[in-house]
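Everything on this sheet refers to the single structure shown next.
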Number of protein chains: 2
Amino acid sequence: MPASQTSGISILLVDDHPVVRQGYRRVLEHQGDFRVVAEADNAADAYRAYKSHAPDVVVMDISMPGASGLEAIRNIRQRSAGARVLVFSMHSEAALVKAAFGAGASGYVTKSNEPTVLIAAIRSVARGEHAMSDDVAHVLAMESLTPSGSVLDQLGEREIEILRQLAAGSTTEQIAVNLNLSMKTVQNYHYLIKTKTGMRTDAQLVRLAVECGLTSL
Amino acid sequence: MPASQTSGISILLVDDHPVVRQGYRRVLEHQGDFRVVAEADNAADAYRAYKSHAPDVVVMDISMPGASGLEAIRNIRQRSAGARVLVFSMHSEAALVKAAFGAGASGYVTKSNEPTVLIAAIRSVARGEHAMSDDVAHVLAMESLTPSGSVLDQLGEREIEILRQLAAGSTTEQIAVNLNLSMKTVQNYHYLIKTKTGMRTDAQLVRLAVECGLTSL
DNA sequence: GCGAAGCTCGGGAAATTTTCCCAACGAAGC
DNA sequence: GCTTCGTTGGGAAAATTTCCCGAGCTTCGC
């Protein structure tokens, strides 16, 4: 309800890098009708700043140290259901995007886009629409083509367990002992998991496992 | 020795995020005597842009996809020993900083600093001095106090770069192409890194790289 | 009850990679 | 000048990966 009626769009900038914030601020204010009314560099401050300034749009990088931006989005939306949060992130993994919208974001734009894309997205979000940059849409679209929601749905129980242990750093032999299987079987699963998920290296498998919440760090 | 005598400091901006570049450009050009004469979003373009514009200072983010900024720094310095490269990164691990200076950087500032720090560093570097933001100096200082620094200190520049790419999910072949090495050499490094760090699987290597801030997610 | 479908478990064999050891070169240090 | 160290790769045996295949077990629908 507060939403500055003075004209223009008021913005809260959340990013943990001061120089980056400063840069955004200039880019955005170069548009005549944008006003950056506050900045924050962490989730807690973002919440406080939102409460006191009630900006039209929150532009937020969700990869911040400590409590992530997702938490901040949830907090803000909890207290003010009409809040518009536009996520502005380096990452475009499907899981992250879903999590962001799940937490209540109104838009998602990656930093690999031209400034015009961000600006357009802010206007859309301010109008109450949802916005998403092309690359993000692409990732989500590809992902939704798999009949399963998550990549993990293509995998059986054993496969998931073995993927988890692989990602945790266990050797083939350790896994074989842990699960009472022959090394050959573990190797076969290892290969099967890679082909099913389309990952080409073990490092990619680790990242996949982390993304899917199978393991942490 | 082209160095624009027209006055002011000419700058080449290297960062893989367009919006971020745009932001820096505005922040920097807001200083009357800075001129951003070119931009690049990858190592190869950075090298080409350097050749054709011969800027006074290169401001570079070293965490880019593919061949990293370290490669770019080496290339640039190889052809023009007087080149001044100021690294502008999100990360401040001692090993990365050392690798950057080892590759020929003249300065290192993290993105968690205020714009004034970056600006001051650019002026220092342009003057031929070396520059480093306080947080980077702090990390290096602390590191030099502990005889047992990070695991990464046992690794050479090449090893660190290859570890980074391995952890990012690159295949042996991709790394060989990126760094212009034979696959055999990359395999040898891969093995060497595992023995030096004591990691037994690639998954453990990924976790190590993440812990050391070499890569994210 | 019976066949199809889908996991789970492993053998086999060729292709690749990993694992070590070694050599050569240049740069840095003593 | 000599040694050490990082970088680059060859060689060759050992190990792993990559596919393909079959067999046992369950589940499911008909």
Side-chain angles (χ1 to χ4, degrees), chain A residues 146-148 150-167 169-206 208, chain B residues 67-68 70-71 73-75 77-79 81 94-96 98-105 149-167 169-206 208:
Chain A
T146 40
S148 50
S150 157
V151 195
L152 292 188
D153 295 347
Q154 325 167 47
L155 302 180
E157 187 113 359
R158 266 276 115 128
E159 288 158 348
I160 289 183
E161 176 58 21
I162 287 175
L163 170 56
R164 203 186 58 71
Q165 295 200 31
L166 282 171
S170 304
T171 64
T172 299
E173 193 178 2
Q174 288 170 339
I175 297 174
V177 171
N178 286 343
L179 302 182
N180 217 268
L181 294 175
S182 75
M183 292 224 295
K184 191 67 224 287
T185 299
V186 176
Q187 290 173 341
N188 279 336
Y189 273 116
H190 190 163
Y191 169 70
L192 196 61
I193 293 167
K194 279 207 274 189
T195 53
K196 274 193 178 181
T197 59
M199 298 295 118
R200 323 243 300 95
T201 70
D202 286 356
Q204 291 173 9
L205 276 186
V206 174
L208 177 72
Chain B
S68 89
L70 291 181
E71 254 338 275
I73 297 177
R74 244 188 299 274
N75 286 340
R77 297 273 307 179
Q78 197 159 3
R79 104 171 271 278
L96 257 189
K98 286 182 178 177
F101 279 108
S150 155
V151 193
L152 293 186
D153 295 342
Q154 323 168 47
L155 303 180
E157 253 178 72
R158 267 278 116 126
E159 289 158 348
I160 289 182
E161 176 58 20
I162 286 174
L163 170 57
R164 199 187 62 73
Q165 296 199 31
L166 282 171
S170 304
T171 64
T172 299
E173 193 177 1
Q174 288 170 340
I175 297 174
V177 171
N178 285 343
L179 301 182
N180 216 270
L181 294 175
S182 76
M183 291 223 287
K184 191 69 225 290
T185 300
V186 176
Q187 289 174 339
N188 278 335
Y189 272 115
H190 190 164
Y191 169 70
L192 194 62
I193 292 166
K194 280 207 274 190
T195 51
K196 275 194 177 180
T197 59
M199 299 295 118
R200 323 243 299 91
T201 70
D202 286 356
Q204 291 173 10
L205 277 187
V206 174
L208 177 72

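As a basis for the values below, the full set of heavy atoms in this structure was taken, side chains included, without hydrogen atoms, waters or symmetry mates. Order of the sequence lines fixes the chain letters, A, B, ..., with proteins taken first and strands second; residue numbering starts at 1 for each chain.
- Regarding A/Gln187, its CD atom lies at a distance of 17 Å from the P atom of C/dT16, rounded to whole Å.
- For the pair B/Glu157 CD and C/dG26 C1', the interatomic distance rounds to 15 Å; values are reported in whole Å.
- When rounded to the nearest whole Å, the span between CG of A/Asp202 and P of C/dT17 equals 13 Å.
- You'll find the side chain of A/Leu205 reaches within 4.5 Å of the side chain of A/Leu163, heavy atoms only.
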Please produce a list of atom pairs where a protein N or O lies less than 3.5 Å from an N or O of nucleotides 8-14 of chain D.
unit_1, atom_1, unit_2, atom_2, d
D/dT8, OP1, B/Arg158, NH1, 2.3
D/dT8, OP2, B/Arg158, NH1, 3.2
D/dT8, OP2, B/Tyr189, OH, 3.3
D/dG9, OP2, B/Ser182, N, 3.1
D/dG9, OP2, B/Ser182, OG, 3.2
D/dG9, OP2, B/Thr185, OG1, 2.4
D/dG9, N7, B/Asn188, ND2, 3.1
D/dG10, O6, B/Asn188, ND2, 3.1
D/dG11, N7, B/Lys184, NZ, 3.4
D/dG11, O6, B/Lys184, NZ, 2.3

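- The OH-C1' distance, from A/Tyr191 to D/dA15, rounds to 18 Å in whole Å.
- Rounded to whole Å, the distance from CD1 on A/Ile193 to P on C/dC7 is 13 Å.
- Between A/Arg158 and A/Glu161 there is no salt bridge, since no side-chain N of the basic residue sits under 4.0 Å from a carboxylate O of the acidic one.
- Per the geometry, CG belonging to B/Leu166 stands 13 Å off C1' belonging to C/dT18, to the nearest Å.
- In this structure, the side chain of B/Ser170 engages the main chain of B/Gln165 through a donor-acceptor pair within 3.5 Å.
- One atom, CG of A/Asn178, and another, P of C/dC9, lie 14 Å apart when rounded to the nearest Å.
- Put simply, CD1 on B/Ile160 is 12 Å from C1' on D/dG6, counting in whole angstrom units.
- The shortest distance between the side-chain N/O atoms of A/Lys194 and the OP1/OP2 oxygens of D/dT17 is not below 4.0 Å.
- Considering only residues two or more places apart in sequence or on other chains, B/Glu159 meets the side chain to side chain contact (heavy atoms under 4.5 Å, CB included) condition with B/Leu155, B/Tyr189, B/Leu192, B/Ile193, B/Lys196.
- Between A/Val186 and A/Met183 there is no side-chain heavy-atom pair separated by less than 4.5 Å.
- A/Asp202 has its side chain out of reach of A/Leu166: every pair of non-hydrogen atoms, C-beta onward, lies at least 4.5 Å apart.
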